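All values reported here derive from a predicted model rather than from experimental measurement. Note that the numbering runs from 1 along the sequence shown for the chain. Side-chain atoms are counted along with the backbone in the values below, which use heavy atoms only and exclude waters and symmetry mates.
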Amino acid sequence: MSIQFLQQADGWFWSFLFAAVLTLFWIITAIRNEHKLMGLIAIRICVFIVLLIMMLQPKLSWKDHYQFPLRWNIYADRSVSMGYHQTLSPNSYIDNVNSYFASAVKNDKETQNYYFDYKVYNANEKSFVLDGEATDLGKVIDHIEEVESELVGAIIISDGQVTKGEQKQSQLKDLSIPIYTIGVGDTIPLVDVAIQALEAPTVVIIGEEMEINVTISSHGRVHDRVNVLLYKGKKLLGSKFIQLQGDGSLSNAKFRIAPQTLGENNYIVKTSVLADEINIKNNNQFFQVTVLKDRYKVALITGSPNFNTGPLKKIIKNIPRVELDHYIQQGEKFISSINKFWSTSYELIVFDNFPLAPISNRWQQILAKKIVSQKSSLFLLAGPNTDNKSAESIYPFFHVQHSKNIIEDNKSRQWYWSENDLILKYLDNDLFEPNNNENLFPPLHPKIFIETGDNISSLAYYVNSSIPLLVSGEVEGLRSGIWTSSDFSTLYYKMTESEHQDISGSLLNNLFSWLMRTSGENELYFRVNKNLYQQGEEVHVVGSHFDNDSKDISSLTGYITLSSEENTPITYELNYNPVNEQWETRFLAGKPGSYSFEITLENENDIYTQHGSLFIDESQIELNQVSVNNEILQIISYLTNGKYVPWESRAELIGYIKPELKQEIIVKNARLNENIIGLALLIILISIEWYIRRLMGLS
């Protein structure tokens, strides 16, 4: 035992000591002839001594010996691969592990048993079923490290096939306890050929070549050739022979095809099946590619050539992948022949200064059938020869009607953008903001006067009137728009002379692109790398919005939500990769079943979504590697001064398990000025003094 004073003697201490000495000296001098009072004086001296010691804050230190039991932790692999070793049946493995646990606890009751796959589970809280999705020995090492001070050692029972996580050799070197490993399974891997990965574009232009890169993995002793086949439906598109090397090696097969069918194209890649192959469900893979048009057909019907016709044709031709057919009316005929118009499918039909006279009922009926069957969009640009009576004959196609409110003065008027904005948000130009200074734009001459119906919005108005300059909208899947002024060319040429020379072209270019559905759609082009997964396999999701713009990326957030009837929906965040200029995420395929997914990109104003499906098979990624990887188990034991033994010699390690105590010397401390003992000592001394004084009749 040792004593240490935490407070040095200061002025207060020396003052109290000096006063105590003087007081005692005076008392002793006063009663030096009263010998019976000397006992009281001695007690009083003791009280003063205790108080003086307390002022120095004494701390007592002493050593105490403490013993506590150490234990063993045993970890048994419960992943799927453990049930597929030819030399050991699943039931036999489970029974033997349970028996091993019981023997270990019999040798030392402190032993704790665990199961693991990609997590660690207490054996008392988790059923022992071989359905783990992946194997992560790193999680076991982490668990051992957390309780290292409580262990004598640890035992890991596994085939050593790590399908998730990282090796932690540097972490193993820092452990102070041995880890013993028991290798389970066959040394020769079972044969398996699988489509490991498939790379193909999510969207292509019709007729353009796309490359499909297929990665084939082979496990076991494989030195055969397999045939990799590419199908579209039942039609064989290509075949490649590749030589497999086995032992987990990867081989590639590449195909180049030029899709000729618009829309969603479904493809299947298959590999031939080898003899004794353990899992043939991973020998084929479905994928989907969206094929877009290479050219968008636009029909321009001009009733009579005018100043608007030239700028209009120029703007249409500047739209990417657009093919223009121009029909000019001459009397009752058209140049080119109107018969070509009726027989050709168009994404957009533009009426320029047309009709010059009300169209017939027959014309209306044929036009109605054409736009409904072909899903054509319509746009009407009023011209100098357009009048309200003739225009009324085609108003039903645009879901508008003639307005009773008209402008009488027949003068050009200033105009402004409306706050009711359906199209302009796609124009990406600050000049199109509502309430912008209308004096920036030249005044335009009102030609036709309309009122909009449901789902048709007015995007621009003449100043001090309710007459719209520009309307557009979508009704029952058909899009349309009307420019009511007869002098669009004035806007085009006036703005060309200003610093905002592209504004009129930008307006119609983007408006027509929206009408043709080449932009402005809430379309996402995302794909999962496969649609059929093995449980525990990594799912890779990549893609982008059709109009991915780097300056808008920071405002977007993305996520994918997986749903099924049996399982709770799960959401994973999408992250933007600026190197590849795409959104992506990765996660492990979970419980088996059929899943639907929804991919969402959103900001404060817009939400873009895409739907799809994938299937997670009951077979596992671990079935590709059914063999004992004794190398990694031997490394774990070697780095921790443990020992590796095969499954047949597992009983050898039971002998290491026996009760063991760890002795520690603990230094304990007590501060007398904060301890009850110091206070009790003072009370006892004062009580003794008071008792003696009573006996002597002094109180």
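Residue Glu476 qualifies as open at atom CD: its count of foreign heavy atoms under 6.0 Å is 12 or below. Around atom CD of Glu565, no more than 12 heavy atoms belonging to other residues, nucleotides or ligands sit under 6.0 Å away.
In terms of heavy-atom proximity, Asn308 sits nearest to Ser489 at OD1-N, 2.8 Å. Between Pro443 and Gln414, the shortest heavy-atom contact is CD-NE2, 3.7 Å. Nearest heavy-atom pair across Leu380 and Phe354 is CD1-O, 3.3 Å. Annotation for Ile456 and Ser480: closest pair CD1-OG, 4.1 Å, computed over non-hydrogen atoms. Across every non-hydrogen atom of Gly207 and Ala258, the tightest pair is O-CB, 3.5 Å.
A donor-acceptor contact closer than 3.5 angstrom links the side chains of Thr571 and Thr561. Ser217 and Gln196 form a side-chain donor-acceptor contact under 3.5 Å, judged by distance and modelled atom types alone.
Ring geometry, Phe341 versus Tyr346: the interplanar angle falls under 30°, so the pair is classed parallel (tilted spans 30 to 60°).
Rounded to the nearest 0.5 Å, atoms CZ (Phe512) and CZ (Phe379) are 5.0 Å apart. Atom OG1 of Thr557 and atom CG of Asn575 lie 11.0 Å apart (nearest 0.5 Å).
Partners of Phe587 according to the ring pair (Phe, Tyr, Trp, His ring centres under 6.0 Å) rule, which considers only residues two or more places apart in sequence or in another chain, are Tyr572. Applying the side chain to side chain contact (heavy atoms under 4.5 Å, CB included) criterion to His326, with sequence neighbours excluded, gives Leu300, Thr302, Thr309, Lys313, Ile328.
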_The test is side chain to side chain donor-acceptor pair (under 3.5 Å); show your working for Ser239 and Asn227 and say whether it passes._
CA-CA 7 Å; Ser239 174; Asn227 196 9; 2.6 Å; yes
*side chain to side chain contact (heavy atoms under 4.5 Å, CB included) evaluation trace for Ile560 with Phe526*: CA-CA 10 Å; Ile560 176 173; Phe526 274 79; over 6 Å; no
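Aromatic ring centres of Phe441 and Trp415 lie closer together than 6.0 Å.
Among Ile316, Leu348, Ile315, the one residue that satisfies the side-chain contact (heavy atoms from CB on, under 4.5 Å) test with Val322 is Ile316.
In terms of modelled atom types and a separation under 3.5 Å, the side chain of Asn213 and the main chain of Asn252 share no donor-acceptor contact.
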